[in-house]
Amino acid sequence: MRSSPSLFFTLITITIAMRNHKSHIAFLSCFLSLILYAQAQDAPAMVALRDTLNPPESLGWTDPDPCHWKHVVCSEQNRVTRIQIGHQGLQGTLPNGTVLQTLTQLERLELQFNNISGPLPSLNGLSSLQVLILSNNQFTSIPNDFFAGMSELQSVEIDNNPFKPWRIPDSILNCSSLQNFSANSANIFGTLPDYFRFFPR
């Protein structure tokens, strides 16, 4: 039996619609996978941070998605860009550097006026970090590679921490965007690197 022209074009339309429908499903599946991947990238580091700081329930860090936590800001791609948990009465320590180094989109890390102790982990490679505020805690030491790879870092405040005597490491030279470095009562000894001569006064 010969098909009529109208039936022929109807079949073509249905076929194209089915193909488009499959394309839409594939696109949505890919998009959702990217979102879940982005969440999965930062979630382990954020959970580790939560576990080592043991924050109070009032901070609201209970949701499986850290982008829903108070004082945490994420990008449209669900990458953590800001952790602003100063003045929260936090205690404990920070997770090791290999954990925090996975937060590659982090722009601001603000931990000031808490009671966080122990050595500072290396933040080597956080190339998006712009502001780092660690003042008024109980941190005890800074690794030599602490500032390595922080090409976007603009401001550092590490005042009032009981560090062991330390020199500003050469890795500070990586911070080509640095404009503010505050380290009052931070137990620094030795001469300041020539790098600081070029700071605005």
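Predicted model only: the values in this text are computed from it and were never measured. Both backbone and side-chain heavy atoms feed into the values below; hydrogens, waters and symmetry mates do not.
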- Note on the structure: When rounded to the nearest 0.5 Å, the distance separating CH2 of Trp166 from CD1 of Ile188 is 4.0 Å
- Query: Do you know the tightest heavy-atom contact between Asn114 and Leu90?
  - Reply: OD1-N, 2.9 Å
- Message: Between Lys70 (side chain only) and Ser58 (backbone N and O only), is there a donor and an acceptor less than 3.5 Å apart?
- Response: yes
- Query: Which atoms form the tightest heavy-atom contact between Gly190 and Arg167, and what is the distance?
  - Reply: CA-NH1, 3.6 Å
- Message: Between Ser117 and Thr140, is the side-chain contact (heavy atoms from CB on, under 4.5 Å) condition met? List the steps.
- Response: CA-CA 7 Å; Ser117 59; Thr140 56; 5.8 Å; no
- Item | Taking every non-hydrogen atom, the tightest pair across Val131 and Leu153 | N-CD1, 4.1 Å
- Query: Do we see a donor-acceptor contact under 3.5 Å between the side chains of Asn161 and Asn137?
  - Reply: no
- Query: How far does SG of Cys67 sit from CD of Gln77, to the nearest 0.5 angstrom?
  - Reply: 10.5 Å
- Donor-acceptor pair, Thr81 side chain versus Val73 backbone, under 3.5 Å? yes
- Mind checking whether Leu123 and Met150 have side chains closer than 4.5 Å, heavy atoms only? yes
- Sub-4.5 Å side-chain heavy-atom contact between Phe181 and Ile158: yes
- Query: Tell me, do Gln84 and Arg108 make a side-chain contact under 4.5 Å, heavy atoms counted?
  - Reply: yes
- Query: Could you give the distance from CG (Leu100) to CG (Leu106), rounded to the nearest 0.5 Å?
  - Reply: 8.5 Å
- Using a 4.5 Å cut-off on heavy atoms from C-beta on, say whether the side chain of Pro119 contacts that of Phe139. no
- Kindly determine whether Gln154 and Ser177 satisfy side-chain contact (heavy atoms from CB on, under 4.5 Å), including the steps that lead there. CA-CA 5 Å; Gln154 299 174 16; Ser177 301; 4.3 Å; yes
- Message: Taking the side chain as everything from C-beta on, heavy atoms only, tell me whether Leu126 gets closer than 4.5 Å to Leu132.
- Response: no
- Message: Atom CG of residue position Asp170 - does it have more than 12 heavy atoms of other residues, nucleotides or ligands inside 6.0 Å?
- Response: no
- Item | Shortest non-hydrogen separation from Pro143 to Pro121 and the atoms involved | CG-C, 4.0 Å
- Student check: side-chain heavy atoms of Gln88 and His71 closer than 4.5 Å: yes
- Donor-acceptor pair, side chain of Ser151 and main chain of Cys175, under 3.5 angstrom: no
- Close side-chain approach of Trp61 to Ile85, heavy-atom, < 4.5 Å: yes
- Taking all atoms of both residues into account, what is the closest heavy-atom pair of Pro55 and Arg50, and its distance? CD-O, 3.1 Å
- Message: Given 3.5 Å as the limit, does a donor-acceptor pair link the side chain of Asp63 with the main chain of His68, or not?
- Response: no
- ILVMFWY cluster, Val47 and Val80 together (side-chain gap under 4.5 Å): no
- Note on the structure: Between Val99 and Thr102 the two heavy atoms that sit nearest each other are O-OG1, 2.7 Å
- Task: Check the pair His87, Gln112 against side-chain contact (heavy atoms from CB on, under 4.5 Å), reporting the backbone distance first and the verdict last.
- Result: CA-CA 6 Å; His87 301 271; Gln112 70 275 18; 4.1 Å; yes
- Apply side-chain hydrogen bond (donor to acceptor under 3.5 Å, both in side chains) to the pair Ser135 and Asn160, showing each step before the final yes or no. CA-CA 6 Å; Ser135 303; Asn160 302 312; over 6 Å; no
- Task: Establish whether Phe146 and Ile133 are linked, either directly or via other cluster members, by ILVMFWY side-chain heavy-atom contacts under 4.5 Å.
- Result: no
- Should Phe147 and Leu178 be marked as a side-chain contact (heavy atoms from CB on, under 4.5 Å) after you check the CA-CA gap, both sets of side-chain angles, and the distance that decides it? CA-CA 11 Å; Phe147 297 104; Leu178 193 62; over 6 Å; no
- Item | Side chain Asn180, main chain Ser155, donor-acceptor under 3.5 Å | no
- Query: How many angstroms lie between atom CG of Leu109 and atom CG of Leu129, to the nearest 0.5 angstrom?
  - Reply: 6.5 Å
- Please report the C-alpha distance between Arg79 and Thr104 in whole Å, then the side-chain angles of each, then the deciding distance to 0.1 Å, and finally whether the side-chain hydrogen bond (donor to acceptor under 3.5 Å, both in side chains) criterion is met. CA-CA 8 Å; Arg79 298 298 308 277; Thr104 55; 3.0 Å; yes
- Do Asn124 and Gln101 come close enough that some side-chain heavy atom pair is under 4.5 Å? yes
- Query: Is a side-chain donor or acceptor of Asn136 paired with a backbone partner of Phe113 at a separation under 3.5 angstrom?
  - Reply: no
- Any side-chain donor near an acceptor of the partner, Asp145 and Ser171, under 3.5 Å: no
- When rounded to the nearest 0.5 angstrom, what is the spacing between CH2 in Trp69 and CE in Met46? 5.0 Å
- Query: When rounded to the nearest 0.5 angstrom, what is the spacing between CZ in Phe189 and NZ in Lys164?
  - Reply: 13.0 Å
- Message: Please check if the number of heavy atoms outside Asn144 that lie under 6.0 Å from its CG is greater than 12.
- Response: no
- Message: Taking Asn54's backbone N and O only, do any of them form a donor-acceptor pair with Asp51's side chain (distance below 3.5 Å, no angle check)?
- Response: no
